[in-house]
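Structure first, commentary second.
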Amino acid sequence: MLRRSQQRFRGMFPRGFGGPKLIGLGVLILVLIWGASGFYRVQPSQQGVELVFGRFTGVPTDAGLHWNWPTPIGEVYLPNVTVENRVEIGFRSVGDASARAGANRDVPEESQMITGDENLVDIDFVVFWRISDAAKYLFVLRDPDQTIKVAAEAVMRDIIGGTRIQDALTDRRGPIESDAQVQIQRLVDEYGAGIEVRQVQLLEVDPPAQVIDSFNEVTRARQDLERLKNEAEAYRNDVVPRARGESAQIVEEADAYRQEVVNRAQGDANRFDSVYQAYAPVEGRHVAAHLPRDPRGGPEERQQGDHRRQRRRQRGGAVSAVAGDPETRDAAQSPGERPRAAGGHPMNRTLAVIGVVVIALGFVAVNALFVVSQTQQALVLRLGEPRRDIQSPGLHAKIPFIENTVFLERRALDVDPPRQQVILADQKRLDVDSYARYRIINPLLFYQAVRTERDARARLSSIINSTMRRVLGSATLFDVLSEKRVSIMSDIRSSVNESAGRLGIEIIEVRVRRADFPDAIRETTYNRMKSEREREAREFRAQGFEQAQKIRADADKQRVIIVAEAQKQAETLRGQGDGEAIKIYADAFGKDVEFFSFYRSMQAYRTAITDADTTTMVLSPNSDFFRYFNSIDGTPRSDGPASSAPAPEAARPIN
């Protein structure tokens with residue numbers, strides 16, 4: 001059956017198309033499939049970074065279909081360069097990372113920071129960033145995401161260390177965000193990380209939970225201050241307008257009085273003039289002949305008088321008032337089958353020899369050639385002895401079976417020394433957590449001194465902690481929190497770099513990631529913060545009472561002044577009215593004094609004797625009031641003493 005299958009398979013090809021030709025065709029098909037596997041697709045959010053023998057070709061590719069040498073010659077990375085990444089500091093999102101929900105888990109060792117006035121504050125913030133240079137992002141830092149996180153935390157602590165707690169809680173949020181973005185961007189640029197910091201967003205800036213009630217009390221005291229001021233302002237807004245209205249009423253009433261007395265005087269003068277013109281004395285005429293029998297006048301005149309009195313009683317005024325899945329298709333499966341060697345055939349023996357030679361050469365080539373990637377550097381050892389170092393990426397050669405290679409990182413590496421407690425120059429204690437970024441610049445010296453990255457991290461941690469303790473021991477807490485922190489970190493980096501140089505290492509950056517009070521001092525700090533907040537609350541309430549009292553007193557003062565000025569103006573108007581009325585009266589009544597006396601007596605009779613049946617006057621008959629009853633001209637009669645004239649009964653007037 002196997003032989004029949006072979007014959008049937010050979011029948012599928014033309015005569016003579018076998019042996020080497022079939023093998024060549026198979027090889028050609030394999031080469032084509034291998035070459036086709038070099039096609040790759042770049043999504044709109046990506047950039048393609050092509051490597052050939054580990055070396056970057058120098059030009060990233062944009063969205064679309066591209067080709068690069070397939071494995072093992074070429075390699076392609078497809079980082080997302082338009083996607084906005086986020087780093088969370090002080091908390092960890094639970095569920096949807098795009099929402100800051102209440103279920104998020106707090107990370108107090110990241111969020112609690114020391115302020116410039118030696119208080120503690122909890123800050124949760126997010127850093128948004130994206131890749132600006134894909135090649136730098138891939139080949140400069142080994143862990144760029146973690147670098148962004150530690151750099152952002154260190155920068156934020158530097159900024160908060162120079163800010164008072166009250167400023168951080170209130171009006172400094174915007175400047176803190178912008179300053180942090182600028183400083184983080186400057187730091188990653190120094191690393192050459194190929195990262196653009198898009199935004200730093202403060203989510204929560206709160207006092208620690210242990211003192212939150214005291215800060216809330218200060219907030220309530222501030223609200224009480226504003227409430228007292230608002231109540232006092234409301235009192236002033238009520239009293240002062242009322243005083244203005246009252247003063248306007250007083251002035252208007254006085255002006256009305258002025259006009260009233262002037263008009264009344266003018267009316268009385270006009271009336272007097274009319275009467276005087278009608279009753280002026282003429283030779284041979286007796287005024288008494290025109291006197292009415294009833295001093296009250298007739299019925300019509302009495303009715304008109306009643307109407308006038310009623311109008312006077314009714315006279316008055318009213319004062320109105322809110323990415324692409326990389327589709328890897330394994331096309332390396334070679335079509336066809338390797339033809340079974342025909343034993344004893346010369347061609348088959350030749351092919352077998354060629355195959356053995358090719359395999360041997362391939363084995364030798366594998367041991368003689370090696371690729372240094374863009375992220376690596378290599379050290380060539382000959383029988384264990386270092387011979388040369390290779391820092392340029394690409395394809396390199398070595399003596400097979402005699403030389404071997406040791407690959408080391410070319411990118412910047414990180415080291416996070418263990419936290420240690422440091423005593424400062426002012427005898428205050430801090431728990432200091434630092435970090436450093438370093439690069440291997442001398443592979444031979446590095447290999448001879450520490451050999452592995454693990455041993456290098458251990459040596460660097462010891463050097464950094466020792467230097468940190470020595471330098472910070474001569475600085476005060478104020479120096480660590482203030483702008484002097486930059487120079488302190490520079491001194492530490494210089495000292496560490498000097499020691500690390502003997503290990504073939506260059507220190508890129510050394511920074512204090514966290515500087516916190518020990519637990520015992522933290523409790524003391526909480527108690528001090530509580531007492532300070534209580535003092536502030538009392539002060540705010542006292543200020544509110546003081547300002548409210550000043551506002552009320554000023555309102556009362558304005559009211560008194562406004563009313564007094566109105567009364568002054570009113571009395572002036574009344575005086576002007578009285579003066580004008582007197583002048584009018586004087587001008588009118590001064591024409592004939594005798595007739596004016598008679599005229600006034602007649603008005604007095606009419607006013608006093610209103611009803612003959614009910615009016616009673618207790619006066620002497622010789623009183624000056626009744627002088628026009630005894631004589632027409634007001635003089636006593638000549639026919640006898642006034643005492644002899646009979647007095648009217650009950651001093652009633654004669655109808």
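From a predicted model like this one, the values you see are computed outputs, not experimental measurements.
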**Message:** Show me the pairs that pass salt bridge (charged side-chain N to carboxylate O under 4.0 Å, His left out) and involve residues 416-427, at least two apart or across chains.
**Reply:** Arg419-Asp516
**Request:** Mind checking side chain to side chain contact (heavy atoms under 4.5 Å, CB included) for Asp189 and listing every partner two or more places apart, or none if nothing turns up?
**Result:** Gln185
**Close side-chain approach of Leu225 and Arg541, heavy atoms under 4.5 Å** = no
**Asked** Arg528 versus Asn119: any side-chain heavy-atom pair under 4.5 Å?
**Response** yes
**Item:** Set of salt bridge (Lys or Arg N to Asp or Glu O under 4.0 Å) partners for Arg382, sequence neighbours left out
**Value:** Glu403
**Message:** Can you list everything that forms a side-chain hydrogen bond (donor to acceptor under 3.5 Å, both in side chains) with Asp431? Sequence neighbours excluded, please.
**Reply:** Gln421
**Prompt:** Who are the side chain to side chain contact (heavy atoms under 4.5 Å, CB included) partners of Asp389, not counting sequence neighbours?
**Reply:** Leu379, Gln391, Pro443
**Request:** Using only heavy-atom distances, determine whether the side chains of Arg130 and Asn80 contain a donor-acceptor pair under 3.5 Å.
**Result:** no
**Prompt:** Does any donor atom in the side chain of Glu88 or Ser93 lie under 3.5 Å from an acceptor atom in the other side chain?
**Reply:** yes
**Complete:** Applying side-chain hydrogen bond (donor to acceptor under 3.5 Å, both in side chains) to Thr452 and not counting sequence neighbours gives Asp455
**Request:** Answer yes if the side chains of Thr476 and Asp479 hold a donor-acceptor pair under 3.5 Å, and no otherwise.
**Result:** yes
**Prompt:** Tell me, which pairs form a salt bridge (charged side-chain N to carboxylate O under 4.0 Å, His left out) where one or both residues lie in residues 159-169, sequence neighbours left out?
**Reply:** Arg164-Asp167
**Prompt:** Side-chain donor-acceptor pair under 3.5 Å between Arg522 and Gln210, yes or no?
**Reply:** no
**Asked** Is it the case that Arg451 places NZ or CZ above or below the six-membered ring of Tyr447, under 6.0 angstrom from the centre and within 45 degrees of the axis?
**Response** yes
**Prompt:** Under 3.5 Å, side chain of Asp433 to main-chain N/O of Val512, donor-acceptor pair present?
**Reply:** no
Which donor-acceptor pairs under 3.5 Å do side chains of residues 133-144 form with protein atoms, sequence neighbours excluded?
unit_1 : atom_1 : unit_2 : atom_2 : d
Asp133 : OD1    : Ala135 : N      : 3.2
Asp133 : OD1    : Lys136 : N      : 3.2
Tyr137 : OH     : Asp145 : OD1    : 3.0
Arg142 : NH1    : Glu453 : OE1    : 2.8
Arg142 : NH1    : Glu453 : OE2    : 3.1
Arg142 : NH2    : Glu453 : OE1    : 2.8
Asp143 : OD1    : Gln146 : N      : 3.3

**Prompt:** Which residues satisfy the side-chain hydrogen bond (donor to acceptor under 3.5 Å, both in side chains) test with Thr147, sequence neighbours excluded?
**Reply:** Arg437
**Message:** Do Ile160 and Thr115 have side chains that approach each other closer than 4.5 Å (heavy atoms only, starting at C-beta)?
**Reply:** yes
**Request:** Quick one: list whatever passes side-chain hydrogen bond (donor to acceptor under 3.5 Å, both in side chains) with Arg227, sequence neighbours left out.
**Result:** Glu231
**Asked** For Asp158, which of Lys484, Arg485, Arg186 qualifies under salt bridge (charged side-chain N to carboxylate O under 4.0 Å, His left out)?
**Response** Arg485
Under 3.5 Å donor-acceptor pairs involving side-chain atoms of residues 458-465, not counting sequence neighbours:
unit_1 : atom_1 : unit_2 : atom_2 : d
Ser461 : OG     : Arg457 : O      : 2.8
Asn465 : OD1    : Gln420 : NE2    : 3.4
Asn465 : ND2    : Pro418 : O      : 3.4

**Message:** Run the ring-ring contact (aromatic ring centres under 6.0 Å, His included) test against Tyr40 and tell me which residues pass, sequence neighbours left out.
**Reply:** His66
